[in-house]
Amino acid sequence: MRGIATVVAAVVKVERADAREAILNRIRAAYVDRPARVDVPRDYDVLTAADIDVVELFAERVADYRAVVHRTTEAGLAATIAEALASRSARRVVVPTGLPAAWLASVISVDQIADDPPLTHAQLDGVDAVITSCAVAIAVTGTIVLDAGPGQGRRALSLLPDHHVCIVRADQIVGGVPEALQRLDPRRPLTWISGPSATSDIELDRVEGVHGPRNLDVVLVDPRRSVQRPR
Amino acid sequence: MRDQRPVVRVTSPGRPAIHEPLPTFAGTPPFPEAAKVALADPQLRRNLRMATTTIRTKRARAVEECPDWEELRVAGAAIKDDVMARLPELLEQLESNVVAAGGVVHWARDGAEANAIVARIVRDAGATEVVKVKSMVTQEIELNEALALQGIDAWETDLAELIVQLGHDLPSHILVPAIHRNRSEIRDIFRTEMGAAGRPAPADLGNDPRELAEAARLHLREKFLRARVAVSGANFAVAETGTVMVVESEGNGRMCLTLPDVLITVMGIEKLVPSWRDLEVFLQLLPRSSTAERMNPYTSMWTGVTPGDGPQVFHLILLDNGRTDVLSDTVGRQALRCIKCSACLNVCPVYERTGGHAYGSPYPGPIGAILTPQLRGIARHPVDEQTASLPYASSLCGACFDVCPVRIDIPEILVHLRTLVVRQHGWRAAFGQEAGMMRSLGGAFGGPRRLGAAERVASVGGRVVGRSGRIGRVRLPGMLGAWFRARDLRAPAKVPFRRWWRGHARDRDGGGGGG
């Protein structure tokens, strides 16, 4: 292995030495007018207006993508997750490392599969659903962001199963995109999800569900709310 | 460069090898001729009109929702101008951050160099096929054709790209490459072609988009699960962090970016942004301008490799391929701001009528009309006739500038490129006669007396044209002939407007309708 790596590194070095310098020189030669550094005017909105209820807005915008939104409290969470799984008759569900065990308290007669040791892609493809938490959620765009942290697992987990149940706590919801980026760590692999997989490639007619999960259930845990039936 | 035509290799067992040239844009006639062919296809025009009207309306709604849209545009343009002003420093910063995060960075002067690097990586990985995320840059360098010559199959996984690839066709739109195909055509392509490339379509496949998407899902799933190497482009790369980003809708991108062992990303050197924070501008501008949504369904961001998650080998290829030529033109340079959203295509009256193929490159529409000639070096040397015809593929109406999320002044660049064409080829050159025509028209419109004279001449000409009511089927000599070869015009009114107005004004208030 090391031998091959050394050869590859040597080849890369030789090829780079030529092309890299050539391109950088071409760029410098193209600066006939000596362009100066440009200051970026950032007069756009960075913070969401204080009078906007980001939790309500998030629920509304996620639903616009034809994802299913469930509103619940901490006390009703386990039952809501179980109902979301049952609504699509999931029999086998993959559970990422770090997902709180209490969330699964009401999930009965469903095979819970851990990704430890890591499942093969074929095994993951045979699973009906996945339950994850998330890193951040964005109200204006109805987006959830996964960063492979605890309770989310590696990226393939939330990709191959056809049904994704994602739990979002109210305090994870920010107003807009700028606020979300401030909370995220670029060194982690990030997946931004806005509704189920979709395409408009045929006559611009939107079809939900191509390769990613075709069903997205977002379970919104809001301590302000008294327990109520999920929609 | 290419003296050997690439061929389609059909690898499925039990079928004879089919040797058929892969379609390329090479040989597209100059725009006026290519447009004429497209205009004669009523089905194509119906498909295009429906699609562009739909997405135009949707985009307008998505943009209206943002009260700070103009401020975002201004910021987007400034960020990209900043990138263009300090490319060497930012590219080196990106390189060192990607390498620090476990990636390998390559530099490629042109498409051939980039294609050779990709082929070598695929071979070294012991693979004979790659799965591909939709990418403009790999179309630009004709990667699939180059890989085919090396015996490597490149499978397009975006639904529209799959339709184009299975149909042995060429893309005609940046965002919706199969926009020229309707659902019945797509069903026929899937029925007849899927079997040769892998899992066949169901025999009773209908033309409902839902059914067609399901057929694509099943066809591609086996390819995703077995693929060991993926190839992608990049929407943005952040110099400050080494992060690369791809936006998409279907999840095919996530499949390619997550499941294989090896990921190869090809990106133009202009695709950079300096800082992580800059993404807050483009993640608002791009989806609303492109698919006209608040956010596209999936966006993936990765920095080098992550142990235990996704590809464990990551190669980033930084491609020039004419971009430094674009950079050397201080007027045309702003074309490098382009984030490939395709909003300018959807509002362009010329694109709506001719479709994308007439532009003879993967970049159609207004952005293609300014980008393709520049990438082909128009700022440095004379270009071929087809390339030189592209800056004329516009009525200069300016709708493209109004929707451009990074405020590229496309009409300004079009006019600039026309002067380059005239300077290089002379205004008498067959396609360039239009420039001379513009000049004489400019003279005619320059003063009321000359305009009046021109109107009277045109009016007589119009009566000569007679029953068809159109000029364009008549062969006219010289400069006029060149002008009308590219245009069908309604015959001028029998009574010129200025004369009609004088008469009308006199009737109404006893004379003197001023101009």
Side-chain angles (χ1 to χ4, degrees), chain A residues 8 12 15-16 19-20 22-24 26-30 32-33 35-46 61 118 121-122 125 140-143 148 154-156 159 177-178 181 186-205 207 209-212, chain B residues 51 54-55 68 71-72 74-75 78-79 81-82 85-88 104 106-109 113 159-160 176 178 182-183 186 209-210 212-213 217 225 241 243 249-252 254-255 258-259 276-277 279-280 283-284 294-303 306 308-310 320 324 327-328 330:
Chain A
V8 169
V12 167
E15 145 219 305
R16 261 181 32 156
R20 184 178 191 278
I23 293 171
L24 291 172
R26 280 186 196 173
I27 296 169
R28 292 185 189 109
V32 284
D33 56 334
R37 193 190 170 112
V38 178
D39 282 326
V40 177
R42 297 191 191 263
D43 300 325
Y44 52 85
D45 305 332
V46 174
R61 295 279 158 98
H121 295 153
D125 195 38
V140 170
T141 60
T143 303
R154 60 197 170 104
R155 286 170 286 173
L159 176 62
V177 171
L181 282 164
R187 289 165 303 182
R188 308 188 69 91
L190 302 176
T191 305
W192 297 45
I193 299 172
S194 307
S197 147
T199 184
S200 300
D201 279 351
I202 301 166
E203 298 179 10
L204 290 177
D205 195 352
V207 175
V210 194
H211 304 294
Chain B
T54 308
I55 198 153
D68 57 344
E71 287 78 11
L72 286 166
V74 169
I79 292 168
D81 284 351
D82 189 40
R86 48 195 190 103
L87 256 185
V104 182
H106 310 256
W107 300 67
R109 275 164 285 212
E113 222 164 57
L159 178 53
V176 205
N182 66 26
R183 58 185 72 191
I186 294 166
R210 209 159 289 279
L212 295 169
R217 176 186 169 95
L225 290 175
T241 61
T243 309
S249 294
E250 296 167 11
N252 64 305
R254 292 177 67 192
M255 293 280 178
T258 310
L259 300 185
W276 175 247
R277 186 188 176 182
L279 293 179
E280 72 189 20
L283 274 169
Q284 297 189 72
R294 295 182 181 118
M295 191 63 86
N296 50 291
Y298 298 132
T299 295
S300 297
M301 301 178 186
W302 68 97
T303 304
T306 307
D309 188 346
D320 179 350
T324 48
L327 198 65
S328 71
T330 53

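Since this is a predicted model, take the numbers as computed values, not measurements. Just the heavy atoms: all of them, side chains too, but no hydrogens, waters or symmetry mates, feed the values below. Per chain, numbering begins at 1; letters A, B, ... match sequence-line order.
When every heavy atom of P297(B) is checked against every heavy atom of A198(A), the shortest pair comes out as CG-CB, 4.2 Å. Nearest heavy-atom pair across T324(B) and R26(A) is OG1-CD, 3.4 Å. Across every non-hydrogen atom of M295(B) and S194(A), the tightest pair is CG-OG, 3.2 Å. Residue T303(B) comes nearest to P186(A) through the heavy atom pair OG1-O, 2.7 Å, listed as atom of the first residue, atom of the second, then distance. Closest heavy-atom contact between D201(A) and A160(B): OD2-N, 2.9 Å. Taking both residues in full, the closest heavy atoms of A148(A) and D309(B) are given as CB-OD2, 3.7 Å, listed atom of the first, atom of the second, then distance.
In terms of heavy-atom pairs under 4.5 Å with chain B, the best-connected choice from P35(A), G209(A), S197(A) is S197(A). Between chain A and the options T243(B), D81(B), D320(B), heavy-atom pairs under 4.5 Å are most frequent for D320(B). In terms of heavy-atom pairs under 4.5 angstrom with chain A, the leader among G251(B), A51(B), G308(B), P209(B) is P209(B). Between chain B and the residues E203(A), R28(A), H121(A), the most heavy-atom pairs under 4.5 angstrom are made by E203(A). Heavy-atom pairs under 4.5 Å with chain A were tallied for V176(B), L279(B), L259(B); the largest tally goes to L259(B). Of the listed residues (R187(A), R154(A), R61(A), R188(A)), the greatest number of heavy-atom pairs within a distance under 4.5 Å of chain B belongs to R61(A). Interface summary for chain B: among V140(A), V46(A), V40(A), D43(A), the most heavy-atom pairs under 4.5 angstrom belong to V40(A). Here A78(B) is the residue among A78(B), A178(B), A108(B), G310(B) with the most heavy-atom pairs under 4.5 Å with chain A. The candidate with the highest count of non-hydrogen atom pairs below 4.5 Å against chain B, out of V32(A), D45(A), T143(A), is D45(A). Between chain A and the options P88(B), A213(B), S300(B), the largest number of non-hydrogen pairs under 4.5 Å is found for P88(B).
Distance check, rounded to the nearest 0.5 Å: CG of L204(A) to CD1 of I55(B) gives 5.0 Å. Atoms CG and OG1, from D33(A) and T330(B) in turn, are 5.5 Å apart once rounded to the nearest 0.5 Å. With values rounded to the nearest 0.5 angstrom, I27(A) atom CD1 is found 12.0 Å from S328(B) atom OG. The line from CG of L283(B) to CG of L181(A) is 6.0 Å long, rounded to the nearest 0.5 Å.
At least one side-chain heavy atom of R42(A) sits less than 4.5 Å from a side-chain heavy atom of I79(B). Between R183(B) and D205(A) the shortest side-chain heavy-atom distance falls below 4.5 Å. Looking only at side-chain heavy atoms (C-beta outward), N252(B) and V210(A) stay at 4.5 Å or farther from each other. R254(B) places none of its side-chain heavy atoms less than 4.5 Å from the side chain of R155(A). Here the side chains of M255(B) and L159(A) are in contact, with some heavy-atom distance below 4.5 Å.
With a 4.5 angstrom heavy-atom cutoff, T199(A) touches chain B via backbone and side-chain atoms both. Neither the backbone nor the side chain of P118(A) has a heavy atom closer than 4.5 Å to any heavy atom of chain B. When heavy atoms are compared at a cutoff of 4.5 Å, A36(A) approaches chain B solely by way of its backbone atoms N, CA, C and O. At a 4.5 Å heavy-atom cutoff, the contact between Q284(B) and chain A is made by side-chain atoms alone. With a threshold of 4.5 angstrom between heavy atoms, L159(B) approaches chain A through its backbone and through its side chain.
A donor-acceptor pair shorter than 3.5 Å can be found between the side chains of E280(B) and Y44(A).
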